[in-house]
Amino acid sequence: MDTWLDYALARARVIARWAARAGGALLLAGAVIVAVDVLARKLLNVSLGGADELSGYAFAIGTAWSFAFVAIERGNVRVDALYMYLPRAAAALLDALALIALIALAGVIAWFGWDVLAGSFRLGARSNSALAVPLWIPQAMWWGGYAMFTATLALLLARVLLALVRRDVAAVARIAGARSTEEDAQSEVENALAATAVKAAR
Amino acid sequence: MIAFALILLLILMALAIPVAASLGTLGLLLDQFYGFLPLTKAAGEIAWSSSNEFLLVSLPLFIMLGEILLRSGLAEKMYGALANWLSWLPGGLMHSNIAACALFAATSGSSVATAATVGTVALPQARRFGYNERLFLGTLAAGGTLGILIPPSINMIIYAVLTNTSVPKLYLAGIVPGIALMALFMLIVLAACAIKPQWGGARMRSTATEMFAGLIHLLPPVGIFLVVVGSIYAGIATPTEAASLGVMAGLLLAAWTRRLSCHMLKNVLEGTMRTTAMVMLIIVAAYFLNFVISAIGLTTQLTDFIERLGFSKWEMLAAVIMFYLMLGCFMETLSMMITTIPIIAPVMIKLGFDPVWFGIVVIILIEAALITPPVGLNLFVVQNLRRGGPLHDVIVGAAPFVTAMLLLLLLLALAPGIALWLPAQFG
């Protein structure tokens with residue numbers, strides 16, 4: 001069971017990372033469109049139109065696709081003023097609770113977000129602009145992000161619960177613990193090394 | 001109801017439930033207990049509409065600009081150039097830290113990005129030249145907070161969205177207080193090093209040639225500032241459009257310094273989305289919570305409660321400042337702004353405070369929140385940049401700079417023109 005779950009988690013990690021990169025690329029594309037639109041408007045006196053709307057969709061979709069990445073990297077802000085003084089076992093229980101609360105939030109948005117998407121599709125709703133985009137298209141891509149987020153959280157929770165049953169608190173901390181200072185310092189050293197590598201390559 | 005909501009929120013946060021999930025759960029529970037209609041049903045609609053708002057698009061774009069500038073090598077050169085000019089002062093590089101933060105703030109809308117970028121460049125110097133590490137860390141954490149006071153500013157955009165205030169006016173209003181705060185920070189370093197000269201590290205002297213040759217490295221940040229802030233006043237761009245232009249300019253700069261590569265871009269995108277998704281989840285959850293608390297009448301209860309206190313204009317200001325200072329210790333700043341501004345700003349404006357002026361006051365309080373423990377994002381950022389050591393060092397080092405912020409607030413109350421003079425000049 002745990003090998004299967006670990007395999008699924010490893011896969012989810014790779015997928016989430018690429019989804020976040022794709023989301024970022026989408027956002028960057030939105031920025032390019034907006035910048036081109038401004039320049040065209042000022043320099044050539046031509047307006048492409050719709051750049052603001054498209055970048056808004058890119059933002060919504062790109063963000064939604066990145067939630068799973070943040071969750072799996074344990075990047076969500078947690079107030080650890082009390083947490084850091086707790087024994088590992090108690091902290092492990094709070095880690096599970098944190099995942100459950102995140103699932104409640106993501107699940108509620110995904111659940112009722114589906115209504116938004118289904119409603120747009122049923123009514124053939126189009127955006128109130130020159131582009132008249134059928135709203136279900138960006139909404140479906142946006143909803144996909146929340147669905148992936150919820151599924152990733154469920155996977156994380158399953159793994160954490162399994163570890164809790166086995167009283168493996170170290171595994172819980174590794175999968176869902178609040179990021180500790182040492183870990184952050186460590187990843188920072190890696191970043192610094194990467195930056196030096198860039199300089200050496202020059 | 002007020003007490004119940006507050007206590008519940010405190011419990012959720014204390015249990016280390018992620019901030020976004022705490023706000024979301026509080027919204028769900030308040031709806032369960034006090035909602036007449038199933039308010040939760042609106043969660044999907046709120047999440048969708050809040051996450052494609054055009055003004056908010058500028059938020060990830062400013063984060064992206066910060067990520068690009070971090071990797072463009074701009075900060076290293078700029079820091080070196082400023083160090084040549086400032087390191088003869090008692091306190092040496094600590095002045096360059098503050099000045100580099102102020103200059104970087106003019107290209108970046110985020111305090112966290114400012115502290116991270118300047119910190120990455122500056123921290124290796126602290127031990128090398130024997131500075132008092134605590135004060136050195138403090139200048140970075142506090143200097144970084146200038147990021148949101150000196151335009152562009154992500155937090156000002158959020159304030160503008162929540163209160164219908166003009167972003168260009170807020171930007172102008174932030175410039176003079178930003179420079180004043182930078183000067184106050186430097187005075188603190190000077191005073192500290194006058195009392196304890198050994199804190200100031202080894203002095204360095206630069207030749208005049210070095211000093212003037214280095215000035216060329218200040219051109220890129222000035223150029224980015226002109227693109228992202230200047231374009232707004234030239235009437236060319238809205239804040240989001242200016243941010244898009246800034247991202248393009250940042251990429252051009254990175255190409256110029258030969259730092260642009262697939263690998264670098266991949267890291268930029270990853271870093272941008274990590275921060276954006278983290279912040280946006282909080283914003284979406286807070287929008288949902290705001291919707292619930294105004295629907296169940298908690299917002300009016302709160303405003304009524306505030307008005308019943310019967311405070312005068314200035315008593316109210318003092319109370320609000322105390323409130324934000326306390327709340328800022330425990331709450332992440334964006335969620336703090338998003339949850340409180342819709343309630344407090346209307347009360348303050350009704351009492352006769354100028355919305356732009358109050359915006360600057362809020363931004364300075366947010367800056368204080370960023371460096372007050374236990375939850376001060378800038379403290380964590382600087383701590384993460386070190387290779388170990390207790391968080392306590394950063395907290396102690398940043399503490400004196402909070403007094404500079406309080407002093408600036410006092411000055412702003414005595415002479416509102418510090419903020420309002422510049423916007424008035426531009427009509």
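Chain naming here is simple, since letters A, B, ... match the order of the sequence lines and numbering starts at 1 in each.
- Ranked by heavy-atom pairs under 4.5 Å with chain A, the list I236(B), L59(B), T275(B) is led by I236(B).
- In summary, D95(A) and R78(A) engage in a salt bridge, as defined by a charged side-chain N under 4.0 Å from a carboxylate O.
- A salt bridge is defined here as a Lys NZ or Arg NE, NH1 or NH2 lying under 4.0 Å from an Asp or Glu carboxylate O, and E270(B) with K266(B) fails to meet this definition.
- The nearest pair of heavy atoms linking L61(B) to A31(A) is CD2-CB, 3.6 Å.
- Expressed to the nearest 0.5 Å, how far CD1 of I15(A) lies from CZ of R11(A) amounts to 7.0 Å.
- Heavy-atom pairs under 4.5 Å with chain A peak, among L12(B), T272(B), L15(B), at L15(B).
- The two residues P373(B) and L379(B) have their closest heavy-atom pair at N-CD1, 3.9 Å.
- Heavy-atom proximity under 4.5 angstrom to chain A picks out P18(B), V19(B), A20(B), A21(B), G24(B), T25(B) from residues 18-25 of chain B.
- When all heavy atoms are compared, the tightest approach of A237(B) to A242(B) is CB-N, 3.7 Å.
- Listed options L82(A), I109(A), V32(A), L27(A) were ranked by heavy-atom pairs under 4.5 angstrom with chain B; first place goes to L27(A).
- Contact annotation for M13(B): both backbone and side-chain heavy atoms come within less than 4.5 Å of a heavy atom of chain A.
- Remark: K42(A) does not engage E241(B) in a salt bridge, criterion side-chain N to carboxylate O under 4.0 Å.
- The CZ atom of F112(A) sits 13.0 Å away from atom CD of E45(B), with the distance rounded to the nearest 0.5 Å.
- Under the 4.0 Å criterion applied to side-chain N and carboxylate O atoms, D115(A) and K41(B) are not assigned as salt-bridge partners.
- Within residues 282-291 of chain B, the residues having any heavy atom under 4.5 Å from a heavy atom of chain A are, by residue number, I282(B), V284(B), A285(B).
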Residues E76(B), R259(B); criterion salt bridge (charged side-chain N to carboxylate O under 4.0 Å, His left out); working and verdict: CA-CA 13 Å; E76(B) 294 155 41; R259(B) 295 286 176 91; 3.7 Å; yes

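- The residue among A106(A), A60(A), G30(A), A20(A) with the most heavy atom pairs within less than 4.5 Å of chain B is A60(A).
- Residues meeting the side chain to side chain donor-acceptor pair (under 3.5 Å) test with S129(A), sequence neighbours left out: E53(A), S127(A).
- Sequence neighbours left out, the pairs with a member in residues 149-179 of chain A that pass ring-ring contact (aromatic ring centres under 6.0 Å, His included) are F67(A)-F149(A).
- Listed options V247(B), L56(B), I46(B) were ranked by heavy-atom pairs under 4.5 angstrom with chain A; first place goes to L56(B).
- Smallest separation of non-hydrogen atoms from T372(B) and G328(B): OG1-O, 3.8 Å.
- For chain A, the option among A42(B), S244(B), S261(B), S231(B) with the highest count of heavy-atom pairs below 4.5 Å is S244(B).
- Between chain B and the residues A98(A), A22(A), A64(A), G113(A), the most heavy-atom pairs under 4.5 angstrom are made by A98(A).
- With chain B as partner, the option from L94(A), L117(A), I103(A), I100(A) having the largest number of non-hydrogen pairs under 4.5 angstrom is L94(A).
- A distance of 7.5 Å separates CZ of R21(A) from CZ of F69(A), quoted to the nearest 0.5 Å.
- Of the atoms belonging to M278(B), heavy atoms from both backbone and side chain fall under 4.5 Å from chain A.
- Here the side chain of D31(B) pairs a donor or acceptor atom with the backbone of T40(B) at under 3.5 angstrom.
- Your options are V70(A), I33(A), L39(A), and the one with the most heavy-atom pairs under 4.5 Å with chain B is V70(A).
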